[in-house]
Amino acid sequence: MMSKRVIALVLLVVGLILLFFAYQSSQSLGDQVTEAVTGRFTDSTTWFMILGAASAVAGVVMLLTGRTRRDF
């Protein structure tokens, strides 16, 4: 049971790091110009956002589910 909690925490941390990189990437000059011209973020920024959000959500769900009375 402890390994599931460790995996959940790792997923959560990795997700938050990817979301941070997505934010940093979206604030770059190149990405700002691309967004102004096309109305979309670059592919790498979009993938950082998608994978970061999915990883963070998976980590939170794993942390919140699967707890039994024996875990307390």
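Because only heavy atoms are used, hydrogens play no part in the values below, and waters and symmetry mates are left out as well, while side chains stay in.
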- Message: Any heavy-atom pair between the side chains of I7 and M62 that's under 4.5 Å?
- Response: yes
- Query: Side chain of S28, backbone of S25: donor and acceptor closer than 3.5 Å?
  - Reply: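 Yes, S28 side chain to S25 backbone: donor-acceptor pair under 3.5 Å.
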In a table with atom names and distances, give each donor-acceptor pair under 3.5 Å that connects a side chain of residues 13-22 to protein atoms at least two apart or in another chain.
none

- Item | Inter-residue atom distance D31.CG - Q27.CD, 0.5 Å rounding | 8.5 Å
- Are V10 and F48 connected in the hydrophobic side-chain network, where two residues link if heavy atoms are under 4.5 Å apart?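 In one cluster with V10: F48, yes.
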- Among all residues two or more places apart in sequence or in another chain, which pass the side chain to side chain donor-acceptor pair (under 3.5 Å) test with S26?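 Listed in chain order: nothing, the list is empty.
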- Which distance, rounded to the nearest 0.5 Å, do you find between the CG of L12 and the CG of L63? 6.5 Å
- Task: Would you confirm whether T34, through its side chain, and G30, through its main-chain N or O, come within 3.5 Å as a donor-acceptor pair?
- Result: yes
- Task: Please round to the nearest 0.5 Å and tell me the distance separating atom CD of Q32 and atom OG1 of T42.
- Result: 10.5 Å
- Query: Between the side chain of T45 and the main-chain N/O of F41, is any donor-acceptor distance below 3.5 Å?
  - Reply: no
